[in-house]
Colleague: 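One structure follows; several queries about it will come next.
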Amino acid sequence: MKVFNTMAGKEEDFHPRGEVVTMYVCGITAYDDSHIGHAMAYVIFDVIKRYLRFRGYKIKHIQNFTDIDDKIIQRASQLEIPPLRLANEYIERYFADMDALNIERADIYPRATEEIAQVIEIVQGLLAKGHAYEFEGSVYFRVRNFPAYGKLSHRNLSDMISQMCTYEEKKEYPLDFALWKASKPGEPFWESPWGRGRPGWHIECSAMALKYLGKSIDIHGGGQDLVFPHHENEIAQSESFTGQVPFVRYWLHSGIMQYDRQKMSKSTGNLVGVGEILKRFSPDAVRLFILSSHYRSPLTYSEEAVEASEKGAERLRWALTHQASAGKGVTTLNAELFEQRFVEAMDDDFNTAQAIAVLFELTREINRSAEEGVDIIEAQHILLKLAGVLGFTLREKTQSTPDTDAFIGLLASVRDDLRRNQQWQLADRIRKGLADLGVTLEDTPQGTRWKYKT
RNA sequence: GGCGGUGUAGCCAAGAGGUUAAGGCAGGGGUCUGCAAAACCCCGAUGCGGCGGUUCGAAUCCGCCCGCCGCCUCCA
């Protein structure tokens, strides 16, 4: 299997260090609702994780929450509530959105404010080795001590410096970044050897990765907008602290969601919330939209595109509702070749677009075979299994209950009797009535099938 | 300005030197059908931003140009 490693700038064979693949994915800063750009990133890493498991790996997945930072403090003070309460609320909402999208939970979700001890330990270690310095209660990382700085984002120091107009005087060097920030009056703080303060943004990820996954982890993921400076800084501080190179073996970055010819981002305000979109479309449609293009390409959000995905998702779902014809068919649809092609596509840097094409071809084959009376049960199982690797549930949006299912089934069978007696008016009235209630009836040579309208 | 990405049918989107350029949505024709819907079959780029070049052969490699986007400040 090959994966594109940002560090190498090309695809590489994937060989984890041990039995368990260690995977760290950068989480959110909890000060606002999740938007579909977040959905994109977390759906993608969810699929990567599901596929690795499908290929026989065990995975240990850590994802952080930044629950203290400037924006959280600012927002909280506007709302006049404690910053940690604000963060907690948005973390809960994050979980609700991501659960709805059928994104599997990570093994552990550490929070910055709960890892202060580990952060302080690392900062102390960096100070002791001379890789950091203190100034007025804050501690900065000494970038010039790390010659490899820029290796991930493929930049060099002098280029970056020449572009910088201003920098804070308290730093020795413009690119030095804060490991520990002294707190201003009224801000939340934690006691430290340098006085009251809080962790810098980058350090929490190093602290958590080292604590929960070890000095050298297999996969580190995040959006492409984190490559510089966030991940670059993580490398600098982690490798300087542990002496272990590389800190990360495979850097995986997802493309950025565009909207209205611009990057979708909290700071520009051009957002489409996850909750908002899930009111209109099924989780499968959203996932299908995201996974229809390659994970490293930018993806432009549009309602039309998700609508098209909804139609596609319906086709996949519908192929699973054919009446089983086990044992009756002389021949059986063999779906192994489809599974092979699916694996081939996914082995090539998670080519979900191609994998999805295979699912649609299998769907057509199932439909065709069902009409011909070929046994398709096994093929349906395979379709459901492979769809599951991409996180599709292929369940209808409306949750059915045994009660309503029975009523609808009864109406449908009564209508079938009417149709047999050519009572078209009554039959059509039932169909129309059910349609108004959100149930679609379809008459086929094999009988009437029904589904909830999505 | 530096670094990176990208431009493929009406729309979305794979493919990265060589059989008929995947797949989805929309559209047209047909089969089936009381009608409807679905499903299935057939059709659609002699063409892959433009111009040159390398090659027996290029969406695919090279050069130049044009367009769009990202990062370089917080961001998934």
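Reminder, nothing fancy here: chain letters follow the sequence lines and each chain counts from 1.
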Colleague: In terms of side-chain heavy atoms of A:R449, which of B:A38, B:A22, B:A13 is nearest?
Modeller: B:A38
Colleague: Quick test of the criterion, 5.5 Å between centres and less than 30° between planes. Is A:W424 stacked on B:G34 or not?
Modeller: yes
Colleague: Whole-Å distance between B:A22 P and A:I356 CD1?
Modeller: 18 Å
Colleague: By the rule that syn is within 90° of 0, classify the base conformation of B:A59 as syn or anti.
Modeller: syn
Colleague: Which nucleotide, B:A76, B:C25, B:A14, lies nearest any side-chain atom of A:A308?
Modeller: B:C25
Colleague: Check A:D218 with A:R249, please: is the shortest side-chain N to carboxylate O separation under 4.0 Å?
Modeller: yes
Colleague: Measuring only the P atom in each nucleotide, how far is B:G23 from B:G15? A whole number of Å is fine.
Modeller: 14 Å
Colleague: Quick check for you: among B:A76, B:C69, B:C25, whose closest atom lies nearest to any side-chain atom of A:C26?
Modeller: B:A76
Colleague: Indicate whether OP1 or OP2 belonging to B:G24 is found under 4.0 Å from a side-chain N or O atom of A:R315.
Modeller: yes
Colleague: Can a donor-acceptor pair under 3.5 Å be found between the side-chain atoms of A:D70 and the base atoms of B:C74?
Modeller: no
Colleague: Given B:A39, B:A76, B:G2, identify the nucleotide with an atom nearest to the side chain of A:N367.
Modeller: B:A39
Colleague: Considering only side-chain heavy atoms of A:N351, which listed nucleotide, B:G15, B:A13, B:A37, is closest?
Modeller: B:G15
Colleague: Can you figure out which of B:A14, B:A39, B:A26 approaches the side chain of A:E371 most closely?
Modeller: B:A39
Colleague: Under a 3.5 Å cut-off for both contacts, is B:A16 paired Watson-Crick or G-U wobble with anything, and if yes, with which nucleotide?
Modeller: none
Colleague: Send over the distance from A:H230 NE2 to B:U73 P, rounded to a whole Å.
Modeller: 15 Å
Colleague: Across all strands shown, which nucleotide pairs with B:A58 by Watson-Crick or G-U wobble geometry, both distances under 3.5 Å?
Modeller: none
Colleague: Quick one: do A:R395 and A:D284 make a salt bridge, cutoff under 4.0 Å?
Modeller: no
Colleague: Give me the distance, rounded to whole Å, that separates B:A59 from B:A16 when you measure between the C1' atoms they each carry.
Modeller: 8 Å
Colleague: Do A:K71 and A:D32 sit within salt-bridge range, that is, some charged N less than 4.0 Å from a carboxylate O?
Modeller: no
Colleague: Looking only at side-chain atoms of A:S293, point me to the closest of B:A14, B:A76, B:C72.
Modeller: B:A14
Colleague: Does A:D428 get its side chain close enough to the base of B:G34, under 3.5 Å, for a donor-acceptor pair?
Modeller: yes
Colleague: Taking the C1' atom of each, how far is B:U8 from B:G44, in whole Å?
Modeller: 15 Å
Colleague: Report, as yes or no, whether the 6.0 Å neighbourhood of atom NZ on A:K385 holds more than 12 heavy atoms from other residues, nucleotides or ligands.
Modeller: yes
Colleague: Closest to the A:I256 side chain: B:A36, B:A76, B:C72?
Modeller: B:A76
Colleague: Do NZ/NE/NH1/NH2 and the carboxylate oxygens of A:R93 and A:D97 come within less than 4.0 Å?
Modeller: no
Colleague: Do A:R315 and A:F360 meet the cation-pi criteria used here (NZ or CZ under 6.0 Å from the six-membered ring centre, within 45° of the axis)?
Modeller: no
Colleague: Would you indicate what A:R415 reaches in the nucleic acid, counting non-hydrogen atoms under 4.0 angstrom: base, sugar-phosphate, or nothing?
Modeller: base
Colleague: What interatomic distance, in whole Å, is found between P of B:U55 and the corresponding atom of B:C66?
Modeller: 28 Å
Colleague: For nucleotides B:G47 and B:C42, find the distance between their P atoms and express it as a whole number of Å.
Modeller: 24 Å
Colleague: Closest approach to the side chain of A:R364, judged atom by atom: which nucleotide of B:C40, B:C25, B:C72 is it?
Modeller: B:C40
Colleague: Regarding A:M40, tell me which of base, sugar-phosphate or nothing describes its non-hydrogen contacts under 4.0 Å with the strands shown.
Modeller: nothing
Colleague: Which residue, A:R419 or A:F289, contacts RNA chain B at a nucleotide closer to its 5' end, judged by nearest heavy atom?
Modeller: A:F289
Colleague: Please tell me which of A:L288 and A:H154 maps to the more 5' nucleotide of RNA chain B, matching each residue to the nucleotide holding its nearest heavy atom.
Modeller: A:H154
Colleague: What's the closest nucleotide to the A:E442 side chain, out of B:A38, B:C69, B:G15?
Modeller: B:A38
Colleague: Between A:E89 and A:R85, is there a salt bridge with N-O shorter than 4.0 Å?
Modeller: yes
Colleague: Could you let me know what B:C51 is paired to, Watson-Crick or G-U wobble, both distances under 3.5 Å, or none if it's on its own?
Modeller: B:G63
